[in-house]
> 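Got a structure here, written out as C-alpha cells. Questions coming.
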Amino acid sequence: MAINRVLSQSKGALAASQMGLSTTSHNISNANTKGYSRQRVEMHANQPVNVGRNRVGTGVGVGAVSRTTSTFVNKRIEEESSDLGQFEALNDVYTQLEADLGDEGETGISSRISRFFNDVRSLSTEPQSVPLRSAVRESANAVVSRFHGMRENFDAMVSDLDRRVEGSVIEINALTEKIAQLNQRIVDVEVTSGSFANDERDSRDLALRELSALIPVQVTELENGGISVASGRAGVLVDPSGNYELSAVRSPDPNHDSSVRVFTREHGGVAGREVTTHLGNGSLGGLIKARDTVLPKVIEKVDTLAYGFTNSLNSVHRQGYGTNNQTDKELFSLKGSQSVKGASRRIELADSMLRDLSTMASAQSPDSRGDNRQLLALADLEDEPIFDNGQANFTNFMSTLIGNMGVEARSVRESLDTQTGVMNQLDSMREEVAGVSLDEEALNMLKFQKAFDANAKMIQVADSMMETVLNLKRF
Amino acid sequence: MARVTEGLLYNKADRAMNRTRGKMLENQEQALTGRRINKPSDDPQGIVRAIGLKTKIERNEQALKNMEIANSYLSVTDSSLAELSNLLSRAKELAIQVNSSSNQGTDAMRSVQSEVDELYYQALQIANTRVGEHYIFAGYQTERPPFDEQGNFYGDVGQIEIEIQPGQRVPLNVTGLRPFVGLTEIPTKINDLTGEVETPSRAPLAMREPASLVAESRQIDPIEDPEAYAEIQKNVGVNIFHSLKLFSQGLSEGRVDLINGTLDNIDKAFSQVLETRATVGALQNAVITNTDLVDSQQVTNQLLQSNVVDADTTQVYSDLARNESVLNATLAANKKLLTPSLLDFLK
C-alpha cells in the first residue's frame with residue numbers, strides 16, 4: 001500500500017532531519033569546546049523494494065553520527081607538543097636566570113666586585129682612614145650578600161623545579177588514568193552498540209595531547225577502538241588493562257643533586273626503575289634538563305667565582321699587616337668545608353674583619369700605617385687571570401658566563417618561537433578539518449529545517465490522499 | 001578548498017594581536033629604560049662588552065679620584081718645599097750679612113741669632129706639614145710628626161703609590177729624608193755587640209755631622225775602601241736643622257768658622273731641596289698627563305658603552321609608532337571580519 005509507505009518513509013525522514021538538527025545544535029553548542037571535532041549524520045538511501053518491474057525507493061536511513069577529524073594531524077600535534085613542552089620548560093628557567101644574572105645594573109656581582117676593588121684603591125690613598133676601611137668592608141659585604149642572594153635564587157629555582165617535577169608526574173598519572181578510563185568507555189560503546197564514541201574520542205585525543213606536552217608518547221591504535229600508550233624508556237603508560245603510573249620520589253640522599261627522581265611503578269612482578277634521565281622531550285624532560293644540566297652549570301661557575309674570590313684575596317691579605325699590626329688574617333672565610341662546591345653559599349666576611357676594621361691588612365711591613373703596598377697588591381688581583389686556566393679574571397669570567405647564558409637563552413627562545421609557529425600551523429590544519437564553522441552549521445540548520453518542513457508537508461499530503469481514498473464510497 | 005571556521009579566524013586574530021603587542025612590549029621596554037639590552041639574550045655579545053666597559057669606566061673614575069688626591073698631596077709638598085727654599089735664601093742672606101759686616105757687635109749678632117732660631121722652627125713646621133691627618137714627609141709613618149724638636153727624623157722612605165692606570169702607579173709623597181736630612185736612605189747600622197745589621201727605621205737619627213754619619217755607621221773606612229766611601233758621600237747632603245743649629249751656635253759663640261761653614265751647608269741644602277722639587281714636579285706632571293689621558297679614555301669608553309647599551313631613541317619611537325598602526329589595522333580588520341555571520345542575515 002503505497003500511501004502507507006509514503007507515511008512511514010516521511011516519518012523516517014522526519015527523524016533523520018531531527019537528528020541532523022540535533023547534531024547541528026550539538027556542533028553549535030560545542031563550537032568553542034577545546035578538542036571538539038565537528039560531527040555529522042551519515043545518511044543513506046534505504047534498500048529499495050520491487051514493485052512490479054520497478055525498484056521503488058524506501059526513503060532515508062540514518063547510518064552513524066561520525067566525527068570529522070584528521071588522525072595524521074592529531075599524530076603530528078602529539079609529536080610536536082613534546083618539543084614545545086620542553087622548550088617552554090627551558091624557557092621558563094632561562095627567563096628566571098636572565099632576571100637573576102642580568103648583570104647590567106648596579107646590583108650585579110661583577111659590578112659589586114669591581115666596586116670592591118675600587119674601594120680598596122680608594123683606601124690605598126689613605127690606608128689608615130676608618131671611614132674608607134669601613135667602605136671597603138661594606139663593599140666586601142655587598143659582594144658576599146650578592147653571592148648569597150644568587151645562591152638562594154638558584155636553590156629556590158631548584159626546589160621550584162623539584163615541585164614542578166612532582167606536579168608533572170601527578171598530572172601524567174591523572175592523564176594516563178583518564179585515557180585508560182576513556183579507552184574502556186570507547187570500547188564499551190563501540191563494541192556493544194556499534195556506534196562511534198565521538199565525544200569520548202575527542203576527550204581522549206585532548207588528553208593525549210596534554211600528555212604528550214609533558215612526556216613524549218608513542219600511540220598504537222587497537223582494533224577494538226582502544227589505544228595503548230608508551231613513552232620511550234619509561235615504557236608502557238596505558239594498555240587495554242589500564243594505566244601504569246610513574247612515581248616521583250624525594251631522594252633521601254642529601255648529596256644527590258637532584259632531589260626528586262622519577263621511577264616507574266613496580267607492576268606484574270617487574271620492579272620499578274629510575275627513568276629520571278631518560279624522559280626525552282616534553283616539559284617533564286625539560287624541567288629535569290633545566291635542573292640537572294642548565295642550573296648546575298651556572299651554579300658551578302658561581303661557586304668557582306666565590307671560591308676563587310675568597311682564596312685569591314685571602315692569600316694576599318694574609319701576607320699583609322693591619323693597622324693593629326696583626327698579620328696572617330683572612331678577609332673572607334668559607335664556613336664549613338673548603339671545597340668549591342657550595343662556596344657561593346658559604347662565603348662570609350672573616351670574623352676578625354667583622355669585629356675589628358684595623359685587622360684589614362694594608363701594609364707590607366708592621367708599624368707602618370701609611371704603607372699601602374698590600375692594598376695595591378689586593379687591588380691588582382682584579383686583573384689576575386685566576387680562572388679558566390689563567391684565561392679569565394673576575395670580570396671576564398662573569399661576563400663570559402652571562403654572555404653564554406644569553407646565547408643559550410636566545411637559542412631556546414628562538415626554538416620556542418619556531419615550535420610555537422609549528423604548533424599554530426598544525427592547530428590551523430586541525431581547525432580546517434575538525435573545527436565548527438557557524439556559517440556551515442547555519443546552512444545545515446536551514447537545510448534540515450527545510451527538509452523537516454518538506455517531510456511534514458509530505459505527511460500532510462499523504463494524509464489528505466488517505467482521506468480522499470477513505471471518502472471514495474460516500475459519493 | 002580549505003574550510004574556514006570561526007575558530008580559525010579567532011585564533012589567527014588572537015595570534016596577530018599578540019604578535020604585535022609583543023613587539024610593542026619590546027619597544028616599550030626599550031623606550032622606558034632607554035636601553036637596547038634589557039636582558040642578556042637581547043644581545044649576548046653586547047652584554048659581555050657592556051660589562052667590560054662598565055668595569056673600565058668605574059675603574060677609570062676611581063683612578064681620576066685617586067689622581068685628584070695625589071695632585072693635592074703633591075701640590076702641598078711642592079709649596080712646602082718652595083717655602084723651605086725661601087727660608088734657606090733668608091738664612092743665606094743672614095750668613096752673608098754677618099760674614100761681610102765690619103761691626104760684628106754682640107747686639108746685631110743676637111738679633112740675627114734670634115731670627116735664625118725663628119727660621120729653625122719654621123723649617124721644623126714645614127717638615128711636619130700635614131694634609132688632613134697625614135704628615136706628608138714621613139714616608140709610611142704618616143700618623144705622627146716625622147721630625148721632633150731636635151730635628152731627629154722618625155719617618156721612613158716609604159712611597160705611597162696609587163694606581164693611575166691599570167698596572168701603572170705613581171707615588172703621591174716624597175720622604176723628608178732627602179730634602180731635610182740630606183740622605184736618600186735610612187742608614188743601616190751594624191750592632192757592635194752582636195754583629196747584626198740593624199735598620200733603625202723607627203729610631204731617631206742622631207744629630208751628628210751629616211758627612212760622617214753614614215760612613216761611620218756602616219763602618220766604612222775611607223782609606224781601606226775609598227770607592228764605597230765615595231759612593232756614600234755622593235748621596236750625602238746636609239741636615240738642614242743641624243746646619244741652622246750650627247749657625248745659631250756660631251752666632252751666639254761668635255765662632256767665625258761655624259758661620260762660614262753655614263754658607264757651604266746652605267748651598268748644599270738648596271740643591272737637595274731643588275732636586276726633591278724636581279722629583280715632585282715630575283710626579284705632578286705624570287699625574288696631570290694621566291688625568292687628561294684617562295679623561296679622554298672616559299669619553300671614548302662612555303661613547304662605546306652608549307653605542308652598545310643605549311637604545312636608538314628615534315628608532316624605538318618610530319618602531320613603536322609603526323607597531324601601533326599595525327595593531328590598529330589588525331583590530332579594525334578583526335572588527336570587520338569577525339562580526340558577520342550567516343546567522344546575522346537569517347531573520
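A, B, ... follow the sequence lines: proteins, then strands. Residue 1 opens every chain.
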> Could B:E163 and A:R121 be called an ion pair, given the rule that one side-chain N must be under 4.0 Å from one carboxylate O?
yes

> Sort A:V407 into side chain, backbone, both or neither according to what part of it lies under 4.5 angstrom from a heavy atom of chain B.
both

> Please walk me through it: do B:V48 and A:I402 pass side-chain contact (heavy atoms from CB on, under 4.5 Å)?
CA-CA 7 Å; B:V48 171; A:I402 292 166; over 6 Å; no

> What part of A:R430 is in contact with chain B, defined as an atom under 4.5 angstrom from a non-hydrogen atom: side chain, backbone, both or neither?
neither

> Below 4.5 Å from any heavy atom of chain B, which atoms of A:L446 appear? Answer side chain, backbone, both or neither.
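The answer is the side chain of A:L446.
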
> Does any backbone or side-chain atom of B:Y73 lie under 4.5 Å from a heavy atom of chain A? Answer side chain, backbone, both or neither.
side chain

> Which bit of A:D380 is near chain B, if near means a heavy-atom gap under 4.5 Å: side chain, backbone, both or neither?
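For A:D380, side-chain heavy atoms alone lie under 4.5 Å from chain B.
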
> Sort by residue number and list every member of residues 417-428 of chain A having a non-hydrogen atom under 4.5 Å from chain B.
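Against chain B, the residues of residues 417-428 of chain A that fall inside the cut-off (heavy atoms, under 4.5 Å) are A:N424, A:D427, A:S428.
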
> Going through the checks in order, is the side-chain contact (heavy atoms from CB on, under 4.5 Å) test met by B:K54 and A:T395?
CA-CA 10 Å; B:K54 184 164 183 285; A:T395 313; over 6 Å; no

> At a 4.5 Å cut-off on heavy atoms, which part of A:V433 comes close to chain B: side chain, backbone, both, or neither?
backbone

> So, do B:Q62 and A:S122 sit near enough that their side-chain heavy atoms are less than 4.5 Å apart?
yes

> Does CD in B:E68 sit with more than 12 non-hydrogen atoms of other residues, nucleotides or ligands closer than 6.0 Å?
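Result for CD/B:E68: open.
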
> Using 4.0 Å as the upper bound for N to carboxylate O, is an ion pair formed by A:R373 and B:E161?
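Looking at B:E161 and A:R373, the cut-off is not met.
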
> Can you tell which part of B:I69 gets under 4.5 Å to a heavy atom of chain A, answering side chain, backbone, both or neither?
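The side chain, not the backbone.
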
> Mind ranking A:M405, A:E382, A:E441 by heavy-atom pairs under 4.5 Å with chain B and telling me who comes out on top?
A:E382

> Which of the residues A:S114, A:A409, A:G435 is involved in the greatest number of heavy-atom pairs with chain B at under 4.5 angstrom?
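With the most close heavy-atom pairs to chain B, the winner is A:G435.
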
> When rounded to the nearest 0.5 angstrom, what is the spacing between CD1 in B:I160 and CG in A:L376?
10.0 Å

> Counting only heavy atoms closer than 4.5 Å, note whether A:Q128 contacts chain B via side chain, backbone, both or neither.
side chain

> Could you tell me if the side chain of A:V436 sits less than 4.5 Å from the side chain of B:T5, heavy atoms only?
no

> Checking B:R49 against chain A: side chain, backbone, both or neither under 4.5 Å from a heavy atom?
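B:R49 has no heavy atom closer than 4.5 Å to chain A.
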
> Could you tell me the separation between the OG1 atom of B:T142 and the CD atom of A:E126, rounded to the nearest 0.5 Å?
9.0 Å

> Once rounded to the nearest 0.5 Å, what's the spacing between atom CG of B:N173 and atom OG1 of A:T125?
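If I round to the nearest 0.5 Å, the distance is 12.0 Å.
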
> When rounded to the nearest 0.5 angstrom, what distance separates CG in B:N66 from OG in A:S124?
5.0 Å

> Is it the side chain or the backbone of A:E440 that comes within 4.5 Å of chain B heavy atoms, both, or neither?
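The side chain, not the backbone.
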
> Of the listed residues (B:L8, B:L172, B:I162), which shares the most heavy-atom pairs with chain A below a 4.5 Å separation?
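Going by pairs under 4.5 Å, I would pick B:L8.
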
> Can you list the steps and then say if B:D156 with A:S368 is a side-chain contact (heavy atoms from CB on, under 4.5 Å)?
CA-CA 9 Å; B:D156 59 26; A:S368 305; 4.2 Å; yes

> Do B:S41 and A:R413 have side-chain atoms, one donor and one acceptor, less than 3.5 Å apart?
yes

> Select one option (side chain, backbone, both, neither) describing which atoms of B:E6 are under 4.5 Å from chain A's heavy atoms.
both

> What part of B:R15 lies closer than 4.5 angstrom to a heavy atom of chain A: side chain, backbone, both or neither?
side chain

> What pairs meet the ring pair (Phe, Tyr, Trp, His ring centres under 6.0 Å) rule with one or both residues in residues 392-416 of chain A, with sequence neighbours excluded?
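Checked against ring pair (Phe, Tyr, Trp, His ring centres under 6.0 Å) - neighbours excluded - the pairs reaching residues 392-416 of chain A are A:F117-A:F394, A:F309-A:F394, A:F387-A:F394, A:F387-A:F397.
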
> Given a strict heavy-atom distance threshold of 4.5 Å, which part of A:M429 is in contact with chain B: side chain, backbone, both, or neither?
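Neither the backbone nor the side chain of A:M429 comes within 4.5 Å of chain B.
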
> Rounded at 0.5 Å granularity, tell me how far OH in B:Y140 sits from CG in A:D367.
14.5 Å

> Looking only at atom types and distance, does a side-chain atom of B:R3 sit under 3.5 Å from a main-chain N or O of A:E432, one as donor and one as acceptor?
yes

